[in-house]
Amino acid sequence: MIAFKSRLKDAIAERLRAVYPDLGELDMAPTPDPKMGDLALTFPFTLAKTLRKAPRAIALEAAPLLASVEGVVKAEVAGGGFLNLWLDRTAVLTEAVRLAGRTDLGPDEGKIVIEHTNINPNKAAHIGHLRNACLGDTLARCLRYKGERVEVQNYIDDTGVQVVDVVFGLMELEGLTVEDLERLPGKFDYYCWDLYARASAYLAAHPEAQARKSAIMKNIEHARDPEYGLSRYVSRRIVRAHLATMARLGISYDVLPCESTILHLKFWEKAFDLLKERQAIYLAADGENKGCWVMRLEEDEEREKVIVRSDGTVTYVGKDIAYQLWKFGLLGLDFHYEPFAEDKGRTLWISTAEPSAASPGFGRATKVYNVIDTRQSYLQKVVVQGLRSLKYDTQAAKSVHFSYEMVALSPKSLGELGYAASAEEKERAYLEVSGRKGLGVKADDLLDRLEAKALAEIEKRNPDLPGDEKRKIARDIATGALRYFMLRYARNSVIVFDFEEALSFEGETGPYLQYTAVRLASIFRKLKERHGLAEADIVPPADGGFRFPAALAEAEQADAWDVLLTAASLDEEVLRSVAGLEFAHLAKHAFLLCQKFNGYYHKYPVLAEENTEIRTFRLLVLRTVKEQLHGALGLMGISAV
RNA sequence: GCGCCUGUAGCUCAGCUGGAUAGAGCGUCGGACUUCGAAUCCGCAGGUCGCCCGUUCGAAUCGGGCCAGGCGCGCCA
């Protein structure tokens with residue numbers, strides 16, 4: 001469809017330029033109503049001024065020029081000067097049917113690195129993390145679909161203060177050792193969720209305990225046990241819990257770069273040398289940042305951002321600049337790796353400081369996406385500016401902050417979580433999720449609830465299915481519901497989480513899409529049973545050309561055309577979604593396709609149709625929709641059940 | 001104070017680089033299952049697109065101003 005449209009546009013522009021040399025960029029858009037044709041041209045309006053003619057007169061004059069363009073069957077003037085085109089349905093659909101379930105898109109980059117998830121390894125994943133992972137994973141799927149080489153990194157901050165807080169809690173509040181933790185019942189990430197909240201509260205209430213926490217932090221830094229062993233145990237075990245949670249959603253990674261490795265391998269020191277050498281940062285001689293290495297901010301000449309503190313330690317941004325340099329292969333240093341997990345024959349690697357035989361070769365990207373919520377926009381800007389200050393303008397331009405708004409909690413959901421909100425908090429329209437406060441909806445809890453609800457529905461509908469199958473379907477529906485929920489909102493809109501909304505399986509939801517896919521599958525199953533015809537047999541005539549049956553009613557032809565045109569626009573929607581990092585487009589497109597298909601299906605029975613020519617035609621429509629819908633679902637990580 | 005984002009139906013949200021009569025879902029009300037799966041489909045009702053100016057043949061969309069809300073702006077991560 002993309003190829004067809006661009007050929008058409010070129011042909012039309014060429015035709016018009018011969019008569020109107022002043023024609024600018026040709027605007028070609030769908031008409032508001034299929035009755036008005038397929039595509040609308042608006043150039044008569046823009047030419048009206050220079051030609052000093054009424055738009056309608058120009059349109060009337062131009063119409064005959066276009067009626068003979070290949071791919072166009074009719075050109076008609078509408079409204080004040082729109083020129084509407086009717087496309088050659090047979091030509092368009094021949095291509096659409098041939099490409100169903102495939103794509104002719106190609107890559108634009110050498111290699112793309114996507115960083116997403118990045119959950120602090122000290123507590124269970126919550127709904128905010130799910131939004132990040134779903135967006136990042138969908139981006140990865142879309143880029144791979146269009147043929148890009150993609151590497152997904154999940155950065156593990158295993159030496160940060162959040163892990164320290166939990167170690168503090170284990171040692172000071174619980175008095176537990178690694179051996180004790182090994183015997184702890186229940187979900188470890190849930191245990192840490194509560195402990196982290198308790199440790200945070202304790203530290204806030206007992207300022208004198210800060211000294212003890214600092215001592216713990218120092219011991220972790222210098223790899224001294226028991227602190228170091230505990231931190232290592234906690235972070236590794238929690239990472240495995242996060243991976244398990246994400247695996248429930250079909251989300252996986254290629255490599256886990258760890259903060260601890262970055263420290264051990266002295267990535268920062270190398271970056272520091274580079275920054276100094278190229279004078280991207282300087283030592284502040286006086287002022288409030290005296291004794292710090294700072295970076296001047298481009299957009300605000302007055303301000304400077306501290307990169308190295310006066311005590312010589314590096315800030316978060318500094319480390320991030322080093323990591324970003326590594327992603328582009330600009331640091332001149334590399335990690336070592338060892339296998340961390342196996343998933344469906346694929347190895348997930350984790351960074352390590354010790355040299356090892358394996359060198360899978362990560363990084364060296366030509367483009368980098370960092371999936372991080374919008375609150376970090378400022379810091380992400382600073383990181384990119386760091387690259388620019390180092391004269392890596394190309395890489396700076398290809399460093400993309402995929403930002404999105406947070407997932408917050410509705411007042412109603414606070415009640416369901418048993419959270420006692422303060423008077424001030426009750427005034428607010430929503431409340432931020434806070435790991436520190438232990439306030440949030442845990443990802444696994446939500447998935448469990450979705451699965452339970454789906455299972456109950458399945459019990460009602462298909463009580464005879466084997467238990468295993470019921471559970472598998474319930475899992476698929478739960479992830480479908482959740483992943484669609486995370487994609488359906490534009491990234492700039494705050495999702496105010498509400499259980500009722502998230503647990504819905506009706507209307508614009510993942511299960512609606514899955515249900516549509518199931519219907520399609522079941523028609524083909526019945527086709528096999530009743531007529532002995534396999535889906536693969538439903539192909540256009542041997543010459544590859546698409547034809548409407550002669551006996552087909554005009555209304556049905558229009559309806560089928562509408563459905564197929566929508567199905568054929570998947571690639572356009574993918575490109576649009578990737579370009580704008582707006583996967584709500586993809587979600588809405590899949591939903592629209594299902595709506596249109598369901599309408600078609602309702603109106604035109606397939607298996608009961610006696611005219612074989614018409615039945616075969618309808619089956620071809622169905623097969624095309626099915627292929628494209630499966631494609632769309634796959635990109636969103638939603639199983640077709 | 002400065003920067004970014006948001007304001008569209010009762011609720012939750014779409015509306016692509018300006019385009020024709022502003023659309024979905026939920027909810028309300030009313031219909032459609034002996035049929036290819038009713039997690040569905042069809043219909044009714046519901047809108048001064050926050051407000052004001054401007055640009056334009058044409059503005060929910062672009063520009064300016066105001067109002068309201070959110071988030072950032074650390075030698076925290």
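Residue numbers begin at 1 in each chain, while the letters A, B, ... track the order of the sequences.
With a cut-off of 3.5 Å on both Watson-Crick or G-U wobble distances, the partner of B/G3 is given as B/C71. For B/G10, the paired base is B/C26 (Watson-Crick or G-U wobble, both distances below 3.5 Å). When both pairing distances are held under 3.5 Å, B/U61 makes no Watson-Crick or G-U pair with any nucleotide shown. Within the shown strands, nothing qualifies as a pairing partner of B/G46 under the Watson-Crick or G-U definition with both distances less than 3.5 Å. Base-pair partner of B/U21: not found among the strands shown (Watson-Crick or G-U wobble, both distances under 3.5 Å).
Under the 6.0 Å cut-off for aromatic ring centres, A/Tyr155 and A/Tyr323 qualify, their centroids lying closer than that. Aromatic pair A/Phe82/A/Phe45: ring centres closer than 6.0 Å.
Rounded to whole angstrom, the span from the CZ atom of A/Arg491 across to the P atom of B/C71 amounts to 19 Å. Going from atom CG of A/Leu41 over to atom P of B/G58 covers 21 Å, rounded to whole Å. Spacing between atom CG of A/Leu592 and atom C1' of B/A14 amounts to 11 Å, rounded to whole angstrom units. The distance from atom CD of A/Glu405 to atom P of B/G70 is 12 Å, rounded to the nearest whole Å. Atom OH in A/Tyr378 sits roughly 20 Å away from atom C1' in B/G70 (whole-Å rounding). Taking atom CZ of residue A/Phe597 and atom C1' of nucleotide B/C42, one finds them 17 Å apart after rounding to whole Å. Spacing between atom CE of A/Met406 and atom P of B/U6 amounts to 14 Å, rounded to whole angstrom units. Nucleotide B/C5 holds its P atom 17 Å from the CD atom of A/Gln376, rounded to whole Å.
Comparing A/Met36 and A/Asn598 by the nucleotide of RNA chain B that holds the closest heavy atom to each, the one mapping nearer the 5' end is A/Met36. Along RNA chain B, the nucleotide closest to A/Leu39 and the one closest to A/Lys290 are compared, and the more 5′ of them pairs with A/Leu39.
Considering only the side chain of A/Arg375, B/C71 comes nearest among B/C71, B/G19, B/U12. Distance from the side chain of A/Val606 is smallest for B/C36 among the nucleotides B/C36, B/A77, B/C41. Comparing B/G19, B/U12, B/U40 by their closest approach to the side chain of A/Arg488 singles out B/U12. Checking B/A20, B/U40, B/C5 against the side-chain heavy atoms of A/Asn492 singles out B/C5 as nearest.
Ion pairing of A/Glu556 with A/Arg618 is present here, as a side-chain N (NZ or NE/NH1/NH2) and a carboxylate O approach within less than 4.0 Å. Taking 4.0 Å as the cut-off between side-chain N and carboxylate O, A/Glu508 and A/Arg488 count as a salt-bridged pair. A salt bridge does not link A/Arg375 to A/Glu405: none of the charged side-chain nitrogens sits closer than 4.0 Å to a carboxylate oxygen. We find that A/Glu416 and A/Arg449 are joined by a salt bridge, their nearest charged nitrogen and carboxylate oxygen being less than 4.0 Å apart. The existence of a salt bridge linking A/Glu298 and A/Lys381 is excluded, since no basic side-chain nitrogen approaches an acidic carboxylate oxygen closer than 4.0 Å.
Close to B/C76, at under 4.0 Å from its OP1 or OP2, lies a side-chain N or O of A/Arg309. Contact between the side-chain N/O atoms of A/Tyr430 and the OP1/OP2 oxygens of B/G69 is not found at any separation under 4.0 Å. Between A/Arg519 and the phosphate of B/U40, there is no side-chain N or O to OP1/OP2 separation shorter than 4.0 Å. Considering only side-chain N and O atoms, A/Tyr484 lies nowhere under 4.0 angstrom from the phosphate OP1 or OP2 of B/C13. Between A/Arg428 and the phosphate of B/C71, there is a side-chain N or O to OP1/OP2 separation shorter than 4.0 Å. Considering only side-chain N and O atoms, A/Arg576 lies nowhere under 4.0 angstrom from the phosphate OP1 or OP2 of B/U17. Note on A/Thr46: every side-chain N or O is 4.0 Å or more away from OP1 and OP2 of B/U56. Proximity of A/Lys49 to the phosphate of B/C57: a side-chain N or O atom is located under 4.0 Å from OP1 or OP2. Considering only side-chain N and O atoms, A/Gln595 lies nowhere under 4.0 angstrom from the phosphate OP1 or OP2 of B/U40.
Taking atom C1' on both B/C66 and B/G7, the two are 14 Å apart, rounded to the nearest angstrom. The C1' atoms of B/G18 and B/C11 are separated by 30 Å, rounded to the nearest whole Å. To the nearest whole angstrom, the two C1' atoms, one in B/G43 and one in B/U56, are 39 Å apart. Atom C1' of B/G72 sits at a distance of 47 Å from the matching atom of B/C41, rounded to the whole Å. Spacing of C1' atoms, B/C33 relative to B/A38, comes out at 6 Å, to the nearest Å. B/U28 sits 27 Å from B/A22 when the P atoms are compared, rounded to a whole Å. Rounded to the nearest Å, the gap between the C1' atom of B/A77 and that of B/G10 is 42 Å. Between B/C62 and B/C57, the two C1' atoms lie 16 Å apart (nearest whole Å).
Judged by distance alone, the side chains of A/Tyr601 and A/Arg519 do bring a donor and an acceptor atom under 3.5 Å apart.
In this structure, A/Phe82 counts as stacked on the base of B/A20 under the 5.5 Å centre distance and 30° plane angle limits.
With its glycosidic angle within 90° of 0, B/C33 adopts the syn conformation.
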